[in-house]
Amino acid sequence: MGRQSVYRWEAGKRVPREWLPYLEQVLALDLSGACGDNEGQFADTLTSVMLLGGTDVDRRQFFSASAAVGLAALDLPDAEAVTRRANRPGPVRVGMGEVTAIRTMTTTLGDAASELGGGHARHLAVRYLTVDVDRWLNGSWTQKVGRELFAATSELVHLIGWMARDEGNQGLSQKYHLFSYRLAAEAGENELAATALRGLAEQAIELGHIPTAVRLAEACEQRGRKLDNPKALAYYRNTFARASAADDDHTTAATMLTAAQTAIEHAPARPGQSWASHYSHGRWAHDSGMIHAKLGDLTAAEEHLHLALDIHGLDRKRTRAIVLADLGHVQLKRGNTAQALTTWNEFLDCAEGVHSVRITDGLTNISARLPRLPDVPAAEELRERIAARA
């Protein structure tokens with residue numbers, strides 16, 4: 001980039017779209033908001049996400065999560081992103097076979113992560129993105145194939161973001177979810193875009209950025225209204241309910257909880273093909289239970305958590321362990337100490353071999369409560385088992 005280019009950038013006359021991601025990477029700065037509204041995205045999404053993936057693989061940079069990055073998802077997407085790249089010459093001709101390959105790989109990696117935690121195969125997913133998928137994205141494809149290619153890449157990027165979050169790397173996860181949203185929006189895929197917004201909203205809740213979480217969750221639920229998918233509707237409405245409960249807006253939380261239940265009651269039991277279509281009745285029951293707990297209704301919370309475990313069933317070790325940890329906390333708050341200790345022992349059985357920050361947090365939270373519990377054999381056994389895992 002020459003002196004004249006730098007001058008035009010400083011004067012606000014031109015933005016160096018091709019160079020900006022490299023400048024961000026070298027300087028460790030976020031320059032996405034450096035100019036006016038019409039220049040909000042600078043580099044295209046594909047270039048930016050591949051740079052992020054390369055940084056991730058090489059571990060060259062630490063990213064911190066912020067409310068501003070999350071809200072950046074609400075910027076207008078690049079409506080011409082696919083059109084500009086369609087029918088360009090490239091090193092390989094790409095068709096629906098490559099799109100199917102990305103989706104198959106995403107499903108396979110997602111199944112492994114759901115069972116054993118996001119820390120098991122994330123870097124495999126990142127390398128697949130930055131090597132195979134990158135080559136196809138830079139190949140030659142029609143506009144129709146391009147939209148499917150962007151959508152499939154959005155799903156893979158979303159999975160990587162979920163894996164990073166499950167490892168405890170919140171800043172990196174936030175970046176991936178942001179790019180997942182932009183790719184989905186550029187592909188015109190409402191469900192994928194809403195799901196990415198949901199990921200950002202959930203993360204904002206966990207980080208304590210509550211106003212940001214409410215804004216993202218509301219945008220997610222609004223986008224989801226356009227869909228004819230009851231599981232997706234339940235998924236997004238429960239996210240809005242959780243954000244509202246965190247914001248002490250009990251009225252909105254209760255309204256969204258009821259709307260989510262109405263949607264899930266009309267949903268088929270079998271999972272669909274999309275991420276949101278895998279929102280099972282068990283996951284709905286777990287989410288609803290924790291929202292009820294936040295709202296102070298511990299009886300309804302315990303009922304929903306038992307519903308998740310006993311009736312709808314959760315066959316993934318990681319998911320089942322998380323529900324057991326949550327159930328034990330609710331039982332303890334209700335004064336059922338013996339039941340809580342039994343449930344937490346089941347949690348330890350289920351958590352064996354799972355690498356997830358949610359499991360680590362569960363262990364930490366249980367350990368923090370043990371000193372306050374009666375000195376009974378079940379509590380001592382639990383202390384010994386947790387100490388043996390350290």
Worksheet entry | N/O donor-acceptor pair under 3.5 Å between Ser173 side chain and Trp162 backbone | no

Worksheet item: Do side-chain atoms of Asp297 reach the backbone of Ala300 as a donor and acceptor pair under 3.5 angstrom?
Response: yes

Discussion item. I'd like to know if the side chain of Glu302 and the backbone of Val330 have a donor-acceptor N/O pair within less than 3.5 Å.
Written reply: no

Worksheet item: Are Leu74 and Phe179 grouped together when hydrophobic residues (ILVMFWY) are joined by side-chain heavy atoms under 4.5 angstrom apart?
Response: no

Worksheet item: Under 6.0 Å between ring centres, would you say that holds for His304 and His286?
Response: no

Worksheet entry | Arg237 versus Thr258, side-chain donor and acceptor atoms under 3.5 Å | no

Item to complete: Report the C-alpha separation of Tyr128 and Thr106 in whole Å, then their side-chain angles, then the decisive distance to 0.1 Å, and conclude whether the side chain to side chain contact (heavy atoms under 4.5 Å, CB included) test is met.
Response: CA-CA 10 Å; Tyr128 181 65; Thr106 300; 5.7 Å; no

Discussion item. Testing the 3.5 Å rule here: is there a donor-acceptor pair between the side chains of Gln261 and Ser288?
Written reply: no

Discussion item. Taking Leu382 as the starting point, is it possible to reach Leu327 by hopping between hydrophobic residues whose side chains are less than 4.5 Å apart?
Written reply: yes

Discussion item. Quick check against the 3.5 Å criterion: does Lys317 have a side-chain atom that pairs as donor or acceptor with the backbone of Glu352?
Written reply: yes

Item to complete: Check whether any side-chain heavy atom of Gln203 sits under 4.5 Å from a side-chain heavy atom of Gln170, and report yes or no.
Response: yes

Discussion item. What I'd like to find out is whether the side chain of Ile291 reaches to under 4.5 Å of the side chain of Met256, using heavy atoms alone.
Written reply: no

Worksheet item: Are Arg198 and Glu202 within salt-bridge range, i.e. N to O under 4.0 Å?
Response: yes

Fill in: Stepwise salt bridge (Lys or Arg N to Asp or Glu O under 4.0 Å) test for Glu148 and Arg103
CA-CA 10 Å; Glu148 293 292 335; Arg103 287 182 168 141; 3.1 Å; yes

Discussion item. Any side-chain to backbone donor/acceptor pair from Glu98 onto Gly95? Under 3.5 Å, distance only.
Written reply: yes

Worksheet entry | Residues Leu52, Leu172; criterion side chain to side chain contact (heavy atoms under 4.5 Å, CB included); working and verdict | CA-CA 9 Å; Leu52 177 64; Leu172 191 62; 3.7 Å; yes

Discussion item. Can you tell whether the side chains of Glu186 and Arg182 come within less than 4.0 Å, N to carboxylate O?
Written reply: no

Worksheet item: Where do Gly161 and His177 come nearest, in terms of heavy atoms and distance?
Response: C-NE2, 3.8 Å

Discussion item. Show, in sequence, the C-alpha distance, side-chain angles and deciding distance for His355 and Leu116, and conclude whether the side chain to side chain contact (heavy atoms under 4.5 Å, CB included) test is met.
Written reply: CA-CA 6 Å; His355 295 270; Leu116 300 171; over 6 Å; no

Discussion item. Has His312 got a side-chain atom pairing as donor or acceptor with Arg283's backbone, closer than 3.5 angstrom?
Written reply: no

Fill in: Sub-4.5 Å side-chain heavy-atom contact between Thr153 and Val49
no

Discussion item. With rounding to the nearest 0.5 angstrom, report the CD1 to CG distance, Ile366 to Leu348.
Written reply: 6.0 Å

Worksheet item: Atom CZ in Arg383, atom CG in Leu373: separation rounded to 0.5 Å?
Response: 7.0 Å

Worksheet item: Less than 4.0 Å between a side-chain N and a carboxylate O, is that true for Asp132 and Arg127?
Response: no

Practice prompt. Would you give the length of the straight line joining atom OG of Ser356 to atom NE2 of His120, rounded to the nearest 0.5 angstrom?
Written response: 9.5 Å

Practice prompt. For the residue pair Asn138 and Arg85, establish whether any side-chain heavy-atom pair is separated by less than 4.5 Å.
Written response: yes

Worksheet entry | Min side-chain heavy-atom separation Leu46-Leu183 under 4.5 Å | yes

Practice prompt. Please find out if less than 6.0 Å separates the ring center of His329 from that of Trp344.
Written response: yes

Worksheet item: When rounded to the nearest 0.5 angstrom, what is the spacing between NE2 in His292 and CG in Leu298?
Response: 11.5 Å

Worksheet item: If you take all heavy atoms of Gly117 and Arg318, which pair is closest and at what distance?
Response: CA-CD, 4.0 Å

Item to complete: For Thr239 and Leu197, run side chain to side chain contact (heavy atoms under 4.5 Å, CB included): C-alpha distance rounded to whole Å, both residues' side-chain angles, the deciding distance at 0.1 Å, then the answer.
Response: CA-CA 10 Å; Thr239 302; Leu197 288 174; over 6 Å; no

Worksheet item: Is there a path from Trp136 to Val99 through hydrophobic residues (I, L, V, M, F, W, Y) whose side chains come within less than 4.5 Å of each other?
Response: yes

Response to the item:
Tested for side chain to side chain donor-acceptor pair (under 3.5 Å) against Thr195, the lone hit among Tyr279, Trp275, Tyr181, Tyr236 is Tyr236

Item to complete: May I ask you to test the Met105-Leu156 pair for a side-chain heavy-atom distance under 4.5 Å?
Response: no

Worksheet, complete the sentence: For Asn238 and Ala260, the nearest pair of non-hydrogen atoms, with its separation, is OD1-CB, 3.4 Å

Worksheet item: Looking at residues at least two apart in the chain, or sitting in another chain, which of them share a side chain to side chain donor-acceptor pair (under 3.5 Å) with Glu206?
Response: Arg165

Worksheet item: Do Glu346 and Arg320 meet the salt-bridge criterion of a basic N to acidic O distance under 4.0 Å?
Response: no

Worksheet item: With distance as the sole criterion, is a donor-acceptor pair present between the side chains of Glu191 and Ser274 under 3.5 Å?
Response: yes

Worksheet item: With a 4.5 Å heavy-atom cut-off, do Leu370 and Leu341 have their side chains touching?
Response: yes

Worksheet item: Would you call Leu129 and Asp134 a side-chain contact if the rule is heavy atoms closer than 4.5 Å?
Response: no

Practice prompt. Taking all heavy atoms of Arg223 and all of Asn190, pick out the closest pair and write down the distance.
Written response: NH1-OD1, 2.6 Å

Worksheet item: Is Asp349 salt-bridged to Arg385, cutoff N-O under 4.0 Å?
Response: yes

Worksheet item: Ser180 side chain to Ser154 main-chain N or O, any donor-acceptor pair under 3.5 Å?
Response: yes

Fill in: Salt-bridge present (Asp56, Lys175; N to O < 4.0 Å)
no

Item to complete: Taking atom types as modelled, find out whether Asn365 and Asp361 have a side-chain donor-acceptor pair closer than 3.5 angstrom.
Response: no

Response to the item:
Scanning both residues in full, the closest heavy-atom pair of Gly328 with Thr343 reads N-CG2, 3.7 Å

Practice prompt. Please round to the nearest 0.5 Å and tell me the distance separating atom CZ of Phe347 and atom CG of Leu363.
Written response: 4.0 Å

Fill in: Nearest atoms (heavy-atom pairs only) where Lys231 meets Arg270
NZ-O, 3.0 Å

Fill in: Cationic N near anionic O, under 4.0 Å, Arg84 to Asp78
yes

Fill in: Same apolar cluster (I L V M F W Y, side chains within < 4.5 Å links), Tyr176/Ile205
no

Practice prompt. Kindly work out whether a path of hydrophobic side-chain contacts (I/L/V/M/F/W/Y, heavy atoms less than 4.5 Å apart) joins Val126 to Leu124.
Written response: yes

Worksheet entry | Spatial distance of atom CZ (Arg215) from atom OG1 (Thr212) [nearest 0.5 Å] | 10.0 Å

